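Structure record follows, encoded as structure tokens.
As the structure is a computational prediction, the values presented were derived from the model and not from experiment. Both ligands and their constituent atoms are indexed starting at 1 by order of listing. Start at 1 with the first residue, then count along the sequence. Computed over heavy atoms, backbone and side chain alike; hydrogens, waters and symmetry mates excluded.
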Amino acid sequence: MKLWTGRFSKEVDKVTNDFNKSIGTDSRMYKEDITGSMAHVRMLVKQGIVSPEDGDKILAGLKSVLSDIESGKLKIDPDAEDIHTFVEQELTKRTGDAGKRLHTARSRNDQVALDIRLTLRNESGKVDSLLSSLIETLTGIAEKNYDAIMPGYTHLQRAQPVTFGHYMMAYAEMFLRDRGRIKDAVKRMNSNPLGSCALAGTTYPIDRQYTSDLLGFDDYCHNSLDGVSDRDFIIELSSCLSAIMVHLSRFSEEIILWCSKEFSFVELDDAFSTGSSIMPQKKNPDIAELVRGKSGRVFGDNMTILTVMKGIPLAYNKDMQEDKDCIFDAFDTVKACLTAFDPMLQTMTVKRDNMRKAAAKGFINATDCADFLVSKGIPFRDAYKAVGVLVKTCIDKDTTLENLPLDEYKKVCGEFDEGVYDAINLENCVMKRTSAGGPAPENVKKEIERVRKINSSLN
Ligand code: ARG
């Protein structure tokens, strides 16, 4: 049965019904739908629009529908048009005329706008708390490896020395920003559309502040057309989720590289890796690869909502029913990725010795060597050229700056002395990078404390 019979002389065609219905997606909002209806009916009673007796019947009926769905006693009809229809019809079966009064001063347009906001507020909280745990994991790994020297890269070429702790904290910063972005988006989303009705408000004396307070909104939407038409919060949240996936995907890429024999900087725990059906020696970083791959879904979800919204006039259009599949998929994907990624990281073995060995090759102390000459009064550009010549000499002689004899240094520039070996010692190179935000172990320790404080203050 449709809510909108009366004007129609025929039952709706089966194909049309199947095409039109959204129950497969929106049934997951049953709780939010019922919560919204409860607030609405309380307001109707307070304003004298519905009698207290009918109000009590509706509230009790809604409560029983909710508990029956949760216990499994009431199955959601897969042929219902949507969750709003299903709940209202079930309520009416249980309460008769009282149930028929629930939809006074309301439309499914403001109802669905409300349900999505309530659902996404909740989903955002879940992603936020998964991010908080991930940041905690990263600070833990950073603390253990705050002095583990590794090569930092640009263009994937060894560049300058950093520590593994510093590296982990770079990702912690990204995920901290992700938390901030989600929280900002939720703040903007937290306005109540209920009371916008179909598009033009209502002549009933409703109290929108009251339902906003009951439902935990900071305010209500101040334009009824905008209240039912706005899906900016889906655009914003799906782009926040895309940013999270970009970070997770870059991190995954690094882990995949680091797991390879060529790097061998980390090893994933057996419980968080998979094997090959044919190659007995293989241990594959599937979680990281899947996370990297799933980023595509979330970016696609973001593009979906942008495209759905871009050409529709105010106010509600049925196109907007396509808003839920994409954002639910984006949230589910991000939650699944964070849930798998965090324990994979927690159980990962960090191979400090291999990183230190890799740092010894690749002339990552060449800048420090040039800086040594600068300390002797040579202009940086000249010092840079001199060290370039030294690096070429090392490559020709198959040696390192550390092992090159002093007379070779002196051939290139007379200002070199024994002190250069201290200056290019990798431990010293890292220790002296104390510029704010730099990788010096003492800096990293401070940053770990700072990030921990911010992270817990956001909880
Ligand atoms: N299932 C619809 C949706 O998700 C609910 C709103 C229906 N409103 C309407 N005027 N047909 O968008």
Side-chain angles (χ1 to χ4, degrees), residues 1-8 10-37 39-40 62 65 69 76-92 102-123 189 192-202 211 215 221 223-235 237-238 301 304-332:
M1 239 326 234
K2 294 285 163 279
L3 289 174
W4 31 268
T5 51
R7 186 223 180 280
F8 289 81
K10 281 184 182 172
E11 273 296 300
V12 72
D13 171 72
K14 162 119 180 66
V15 173
T16 303
N17 188 52
D18 285 348
F19 188 64
N20 193 46
K21 71 186 180 185
S22 56
I23 192 80
T25 300
D26 60 28
S27 57
R28 89 186 239 172
M29 306 195 300
Y30 71 86
K31 197 169 183 173
E32 288 76 12
D33 192 74
I34 292 172
T35 306
S37 289
H40 180 63
L62 286 169
V65 172
I69 293 176
I76 295 176
D77 176 6
D79 280 323
E81 188 177 337
D82 53 31
I83 191 63
H84 328 295
T85 308
F86 177 76
V87 170
E88 189 182 325
Q89 288 186 336
E90 189 57 35
L91 174 74
T92 303
L102 169 64
H103 212 54
T104 315
R106 189 176 68 167
S107 155
R108 278 185 299 167
N109 298 348
D110 57 344
Q111 190 177 356
V112 73
L114 170 69
D115 292 3
I116 315 171
R117 286 174 198 243
L118 292 177
T119 306
L120 297 188
R121 203 167 67 183
N122 193 21
E123 291 291 334
M189 172 175 72
N192 180 13
L194 193 64
S196 302
C197 306
L199 74 162
T202 178
T211 51
L215 295 166
C221 303
N223 181 297
S224 63
L225 288 165
D226 182 49
V228 290
S229 305
D230 168 30
R231 296 293 185 272
D232 290 3
F233 53 96
I234 299 184
I235 294 171
L237 282 172
S238 65
D301 291 330
T304 300
I305 188 64
L306 286 166
T307 313
V308 165
M309 296 307 295
K310 80 172 185 61
I312 49 182
L314 303 182
Y316 180 84
N317 299 265
K318 193 74 173 195
D319 318 39
M320 289 160 78
Q321 181 163 285
E322 288 298 312
D323 62 354
K324 285 174 279 306
D325 264 333
C326 55
I327 191 66
F328 291 165
D329 180 70
F331 268 106
D332 291 346

- Task: Of all the heavy-atom pairs spanning Leu225 and Ala315, show the shortest one and how long it is.
- Result: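 Of all heavy-atom pairs spanning Leu225 and Ala315, the closest is CD2-CB, 4.1 Å.
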- Single hit among Asn17, Asp18, Thr16 for side chain to side chain donor-acceptor pair (under 3.5 Å) with Lys14: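 Going through the options one by one, the only one that passes is Asp18.
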- Got a sec, which residues hit salt bridge (charged side-chain N to carboxylate O under 4.0 Å, His left out) with Asp79, two or more places apart in sequence or on another chain?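 Salt bridge (charged side-chain N to carboxylate O under 4.0 Å, His left out) check on Asp79 returns Lys21.
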- Query: Within a reach of under 6.0 Å around NZ of Lys310, are more than 12 heavy atoms found that belong to other residues, nucleotides or ligands?
  - Reply: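 Check fails, neighbour count at 12 or below.
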- What does the list of residues with a heavy atom under 4.0 Å from ligand 1 look like, ordered by chain and number?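 Residues near ligand 1: Ser22, Asp26, Asp82, His84, Arg108, Asn109, Val112, Tyr316, Gln321, Lys324.
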- Modelled atom types, side-chain donor and acceptor of Asp301 and Thr304, under 3.5 Å: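 Side chains of Asp301 and Thr304: no pair found under 3.5 Å.
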- Could you tell me whether Asp332 and Arg28 make a salt bridge, using a distance below 4.0 angstrom between a side-chain N and a carboxylate O?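 Yes, charged N to carboxylate O under 4.0 Å.
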